[in-house]
Number of protein chains: 2
Amino acid sequence: MRKRTISIATVAAEAGVGVGTVSRVLNGSDQVSEATLKRVLGTIERLDYRPLRSASSLSKGRTDAVGILVSVITRPSVMARLVGVIDVLSDAGLDAVVFNVENRAQLERHLSSIIDQRRVDGIIAISLRIPKERITRIRKLAIPLVLVDNSLPNLPCVYIDDVAGGKMATEHLLSLGHRRIGFIGDNARSDLGMSASENRYAGYLMALEAAGIGPDFDLVARGPHSSEAAAVLASALFELGKRRPTAIFASSDTLAVGVIKEAQQHRLKIPDDLAVIGYDNLEVSSILDISTVNQPLLESGTKGASMMVSLLNGEIAKPHREELVLDVVPRGSSLGIQRNSPTKLYGVVEGPQGLQILQGGEELVS
Amino acid sequence: MRKRTISIATVAAEAGVGVGTVSRVLNGSDQVSEATLKRVLGTIERLDYRPLRSASSLSKGRTDAVGILVSVITRPSVMARLVGVIDVLSDAGLDAVVFNVENRAQLERHLSSIIDQRRVDGIIAISLRIPKERITRIRKLAIPLVLVDNSLPNLPCVYIDDVAGGKMATEHLLSLGHRRIGFIGDNARSDLGMSASENRYAGYLMALEAAGIGPDFDLVARGPHSSEAAAVLASALFELGKRRPTAIFASSDTLAVGVIKEAQQHRLKIPDDLAVIGYDNLEVSSILDISTVNQPLLESGTKGASMMVSLLNGEIAKPHREELVLDVVPRGSSLGIQRNSPTKLYGVVEGPQGLQILQGGEELVS
DNA sequence: TCATGCCATGGAACCGGTTCCGAATTGGGA
DNA sequence: TCCCAATTCGGAACCGGTTCCATGGCATGA
């Protein structure tokens with residue numbers, strides 16, 4: 001009857017050393033002589049031994065895992081940030097434990113279980129507003145917290161100035177000579193507090209005011225975050241007759257798509273009858289040639305995760321705040337420039353069965 | 001000087017009982033009298049005590065976490081499945097540890113660290129082919145493994161018959177009278193083995209053969225999974241002159257988008273000059289009115305996760321296999337039917353600042 | 001009244017690592 | 001040759017739960 005599981009004690013016995021020595025070897029301590037190091041490593045190899053995560057977690061007092069709280073994960077922009085976060089954490093050897101938060105109750109539940117049970121060493125919140133009382137509790141427990149796509153005083157965060165973004169988008173339309181500029185955005189939600197759309201709206205108002213144009217609330221509309229809703233709202237704006245907007249700033253590309261679809265229904269030519277600019281620079285905006293405001297989404301994720309890694313390594317002293325840069329991507333929906341050819345260079349070759357574009361570095365199967 | 005951390009011993013001492021009793025209370029054992037139960041619960045409440053995850057993991061011998069291996073996570077279809085998985089796991093009180101796998105090396109690294117360190121109780125692989133030797137190792141260690149969007153004998157899996165799907169899509173085009181039907185798909189990749197596109201291709205060939213049409217490899221093209229690549233490939237097909245296809249089956253909606261964009265460049269009318277059908281029923285296909293094959297993506301995730309939960313609870317005896325149903329969603333890109341109005345009913349109301357569509361059940365901020 | 005058995009309970013042993021203290025060995029200098 | 005310091009190492013104590021066994025109390029039946 002063999003021993004069931006091989007533990008550190010098994011290795012120690014087998015190698016003829018103490019458990020302490022094996023542990024030192026595992027953790028790369030320099031307090032081990034060359035000879036023993038080799039012997040222990042050999043034994044580990046031979047027994048195919050790996051230390052158990054939960055055991056080392058318990059004695060080390062940390063989990064080597066980071067909790068990621070994500071607001072409605074299905075949104076492409078949120079997704080992109082998440083990918084950035086996961087990649088960096090993974091490279092740092094940290095587990096990424098993902099929690100999808102659809103509403104306030106879920107947020108509370110996840111937070112309390114994460115925090116109280118100490119399941120993770122740190123928390124990254126993406127596009128999410130954390131209740132104040134939770135923040136203080138997290139602070140008291142000294143659990144690192146990093147905000148991505150959000151900003152709070154005295155907390156490390158990677159954020160984007162949505163007000164400036166809204167201003168830039170509106171200014172783009174103003175620079176093209178538009179004066180009647182509409183705004184279509186998300187409902188302001190109190191529960192999860194994704195305030196991005198409202199901030200962009202604020203920027204929109206600022207830009208108008210700076211241009212000496214008073215706000216016309218008839219040109220402003222909000223609804224759920226979907227193309228269909230945006231289409232309905234756009235339709236309402238189009239029916240204003242000669243008072244209808246000549247340009248629309250949609251607070252996200254998803255909404256811009258709905259606006260454009262609806263414009264086509266109304267036989268409005270883009271951009272001559274109606275100029276449109278979105279926000280996020282999602283893939284769909286490039287496909288549909290929609291002008292937009294580019295956010296470094298992936299980068300916001302990687303930056304945030306890097307901060308977390310530094311925090312866990314005790315490398316950052318005080319809260320670090322990083323603001324990422326935005327830029328307007330003018331495309332056909334506002335400029336009307338001739339659509340350009342695919343930017344990437346693709347070489348089509350004759351494949352075994354039909355045409356083929358080979359991918360760089362990829363191994364292909366015949 | 002107060003005690004630093006409150007442990008189960010603290011609670012036991014405070015409540016005047018043994019640690020065993022507290023543990024029993026925590027785990028809902030019925031071996032505790034009403035009176036002590038109340039007293040212990042009170043103490044727990046008063047001290048705001050929560051058991052430490054890693055400690056219970058160590059002694060219980062399980063982590064209450066599930067590893068999720070995901071192939072290129074950015075693909076919308078993969079994403080949708082992931083969301084389904086996370087939601088179910090979360091409801092079951094299991095942590096979802098996500099690993100993004102971009103290439104074979106990463107897959108190996110993640111797998112070995114997951115498996116050897118026993119970081120998780122089970123593994124869910126989404127749209128991923130696991131190397132045989134890994135499978136046998138996982139089997140030997142008795143770690144539950146569930147495949148989503150993939151199928152292997154003797155393993156629990158949730159899969160979709162891509163061959164049948166490819167056949168359905170092609171038959172749809174055939175039924176509209178098309179005879180010269182092109183195929184645009186992904187490169188067959190050996191490393192991660194996402195064979196979906198190739199399987200759909202197989203279905204395409206079967207449908208053609210059943211209709212008495214021999215395959216014409218001049219109408220077949222493969223490339224990277226992007227709209228741009230698809231556009232380039234489509235362009236090549238369009239330049240075949242009178243031998244050009246009158247219809248194209250794109251193995252995913254992303255590719256179909258590229259095909260349609262390119263058709264517009266070539267002044268081909270959709271669907272009169274060219275009918276197109278995609279695959280996946282992504283949001284973009286509905287926006288652009290592209291016919292497609294609907295896969296229950298979210299459902300595949302939830303089903304897979306449910307299997308995992310059952311497995312971990314020891315409820316399933318032998319490998320359970322579930323095949324989900326597909327259906328063709330005919331839209332304008334093949335039928336040319338008048339575009340329909342938004343399906344959802346939205347009521348536009350006058351909001352505090354502009355128009356507004358209220359969301360069901362959502363709390364709104366003024 | 002005493003034997004029997006069940007139920008609630010305390011607490012030691014244990015899960016598998018890490019850490020720290022003390023001991024053993026070695027090397028160098030006096 | 002002896003002593004001291006540095007280096008290497010063994011192993012007990014510990015992290016904070018869970019589990020199981022032994023124990024004490026109480027009720028039941030004879």
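Lettering of chains follows the sequences in order, A, B, ..., and the numbering in each one begins at 1. Because the structure is predicted, anything quoted here is derived from the model rather than measured. Just so you know, these numbers use all the heavy atoms, side chains as well, and skip hydrogens, waters and symmetry mates.
- Heavy atoms of A:Val32 sit under 4.0 angstrom from primed sugar atoms or phosphate atoms, though from no base atom.
- Using a 4.0 Å heavy-atom distance criterion, B:Ser54 is classed as making no nucleic acid contact.
- The NZ atom of B:Lys60 sits 11.5 Å away from the OG atom of A:Ser54 when rounded to the nearest 0.5 Å.
- At a threshold of 4.0 angstrom between heavy atoms, the contacts of A:Leu52 are confined to the sugar-phosphate backbone, with no base atom among them.
- Within the 3.5 Å criterion, the main-chain N or O of A:Ile126 finds no donor-acceptor partner in the side chain of A:Asp149.
- Mapped onto DNA chain C by nearest heavy atom, B:Ala35 and A:Ser56 fall at different nucleotides, with B:Ala35 at the one closer to the 5' end.
- Rounded to whole Å, the distance from CZ on A:Arg24 to C1' on D:dT7 is 11 Å.
- Contact annotation for A:Leu58: base contact, defined as any heavy-atom pair under 4.0 Å involving a base atom.
- When the nearest nucleotides of DNA chain C are assigned to A:Gly20 and B:Gly20 by heavy-atom distance, the more 5′-ward of the two goes with B:Gly20.
- In the 5' to 3' direction, nucleotides of DNA chain C lying under 4.0 Å from heavy atoms of chain A begin and end at C:dG16 to C:dC20.
- Rounded to an integer number of Å, the gap from A:Gln31 CD to D:dA6 C1' is 10 Å.
- Projected onto DNA chain D by closest heavy-atom contact, A:Val19 and A:Asp30 fall at different nucleotides, the more 5' of which corresponds to A:Asp30.
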Review point. A:Val25 and A:Leu37: side chain to side chain contact (heavy atoms under 4.5 Å, CB included), yes or no, with the steps?
Key: CA-CA 6 Å; A:Val25 169; A:Leu37 178 69; 4.0 Å; yes
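- Within the nucleic acid shown, B:Ser33 comes within 4.0 Å of sugar-phosphate atoms alone, with no base atom in reach, counting heavy atoms only.
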Point to revise | Step-by-step side chain to side chain contact (heavy atoms under 4.5 Å, CB included) determination, B:Ile68 to B:Leu89 | key: CA-CA 10 Å; B:Ile68 307 174; B:Leu89 291 182; 3.9 Å; yes
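- Using a 4.0 Å heavy-atom criterion, one finds that B:Val17 contacts the sugar-phosphate atoms exclusively.
- Taking OG of A:Ser306 as the reference point, atom CG of A:Leu311 lies at 11.0 Å (rounded to 0.5 Å).
- Between A:Glu133 and A:Arg137 no salt bridge is recorded (no basic side-chain N to carboxylate O distance below 4.0 Å).
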**Study point:** Candidate pair B:Arg50 and A:Arg118, rule side chain to side chain contact (heavy atoms under 4.5 Å, CB included), full reasoning
**Key:** CA-CA 9 Å; B:Arg50 297 299 153 92; A:Arg118 296 295 191 105; over 6 Å; no
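- Within the nucleic acid shown, A:Thr36 comes within 4.0 Å of sugar-phosphate atoms alone, with no base atom in reach, counting heavy atoms only.
- Spacing between atom CG of A:Leu37 and atom C1' of D:dC9 amounts to 14 Å, rounded to whole angstrom units.
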